Amino acid sequence: MTINERIRHLRKDILKLNQTEFAEAIGMKQRGASGMEQDGGTVTDRAIKAICLAYNLNEDWVRYGTEPMYIQEPTFSLDQFVRDHQGTDLEIEIMKAYFELDPDIRKTVLDHFKARFSAAAQAKPAASEPSVEELEAEYKKSVLGSARNTGSIASSTTEGTGKASKASNE
């Protein structure tokens, strides 16, 4: 099947559209759609992209007839995701049971937890960031404390040295 035949087959047999409807959906005039369906008719890259985008088609199918015809949506396995993050079988079953609940019951459960978490957050005192002045005072205190400790070590060393020198001089 040629690209022209595939486009005609898509429009006529699968989508069941006339040329005007098909052309409008891909941003063309009816004459352009007709030309694409003619054997040997030119099909531009822009037209191929527009057809693929409008109908979720695999570009390789439009161009070459390579299956699958439609773009396969990526799949997501919640079970695999939980296992990849060291979740247990029990945790998977809990999630499945939750999503099997009636949507109104799930909403009630969520509202309960939102209220509970909100109350816990309000009860916990907010840790405020220290001001620049407080940080500066803390720094000075630590520097002065270090200087005092160093001074006392130096004086006791000096005193010991003085006694030792007096003893050796006598």
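Reckoned from all heavy atoms, side chains included, excluding hydrogens, waters and symmetry mates. If you're wondering where the values come from, they're calculated on a predicted model, not measured in any experiment.
Put simply, CD on Q30 and CD on Q19 are 4.5 Å apart, with the number rounded to the nearest 0.5 Å. Here the CG atom belonging to L78 is positioned 10.0 Å from the CZ atom belonging to R83, to the nearest 0.5 angstrom. Of the inter-residue distances, the one linking L53 atom CG with I51 atom CD1 reads 11.0 Å to the nearest 0.5 angstrom. Distance check, rounded to the nearest 0.5 Å: OG1 of T2 to CZ of R8 gives 7.0 Å. Atoms CZ and CE, on R46 and M28 in that order, are 6.5 Å from each other to the nearest 0.5 Å. Rounding to the nearest 0.5 Å places CD1 of I92 at 8.5 Å from CD of Q80.
Looking at K12, its side chain never comes within 3.5 Å of a backbone N or O of H9 through a donor-acceptor pair. Proximity of a side-chain donor or acceptor of N4 to a complementary backbone N or O of Q38 within less than 3.5 Å is detected. A donor-acceptor pair under 3.5 Å is absent between the side-chain atoms of Q122 and the main chain of A119, judged by distance alone. A side-chain donor-acceptor contact under 3.5 Å links E91 to the backbone of T88.
Using a 4.5 Å heavy-atom cutoff, the side chains of E5 and D39 are in contact. Side-chain contact between I48 and I3 is present, with at least one heavy-atom pair separated by less than 4.5 Å. Between L10 and M69 the shortest side-chain heavy-atom distance falls below 4.5 Å. Looking at W61 and I71, their side chains never come closer than 4.5 Å, going by heavy atoms from C-beta outward. Counting only heavy atoms from C-beta outward, the side chains of D45 and R63 approach each other to under 4.5 Å. P103 places none of its side-chain heavy atoms less than 4.5 Å from the side chain of K107. Contact annotation: the side chain of E21 never approaches that of L15 to less than 4.5 Å [non-hydrogen atoms, C-beta and beyond]. Counting heavy atoms from C-beta outward, Y70 and L57 have side chains that approach closer than 4.5 Å.
When hydrophobic clusters are built by joining Ile, Leu, Val, Met, Phe, Trp and Tyr residues whose side-chain heavy atoms come closer than 4.5 Å, directly or via intermediates, M95 is not grouped with F113. Hydrophobic clustering (ILVMFWY, side-chain heavy atoms < 4.5 Å, transitive): L17 and I14 are in one cluster.
Counting all heavy atoms, side chain and backbone alike, R106 lies closest to F99 at NH1-O, 3.2 Å. Closest approach of A33 and A23 over heavy atoms only: CB-CB, 3.9 Å. The two residues M36 and F22 come nearest to each other via the heavy atoms CE-CE2, 4.1 Å. In this structure, P68 and N58 approach most closely via the heavy-atom pair O-ND2, 2.9 Å. The shortest heavy-atom contact between T20 and N18 is N-OD1, 3.0 Å.
Using a cutoff of 4.0 Å between basic side-chain nitrogens and carboxylate oxygens, D89 and K96 are not scored as salt-bridged.
Ring pair F76/F81 is tilted by interplanar angle, where 30° to 60° counts as tilted.
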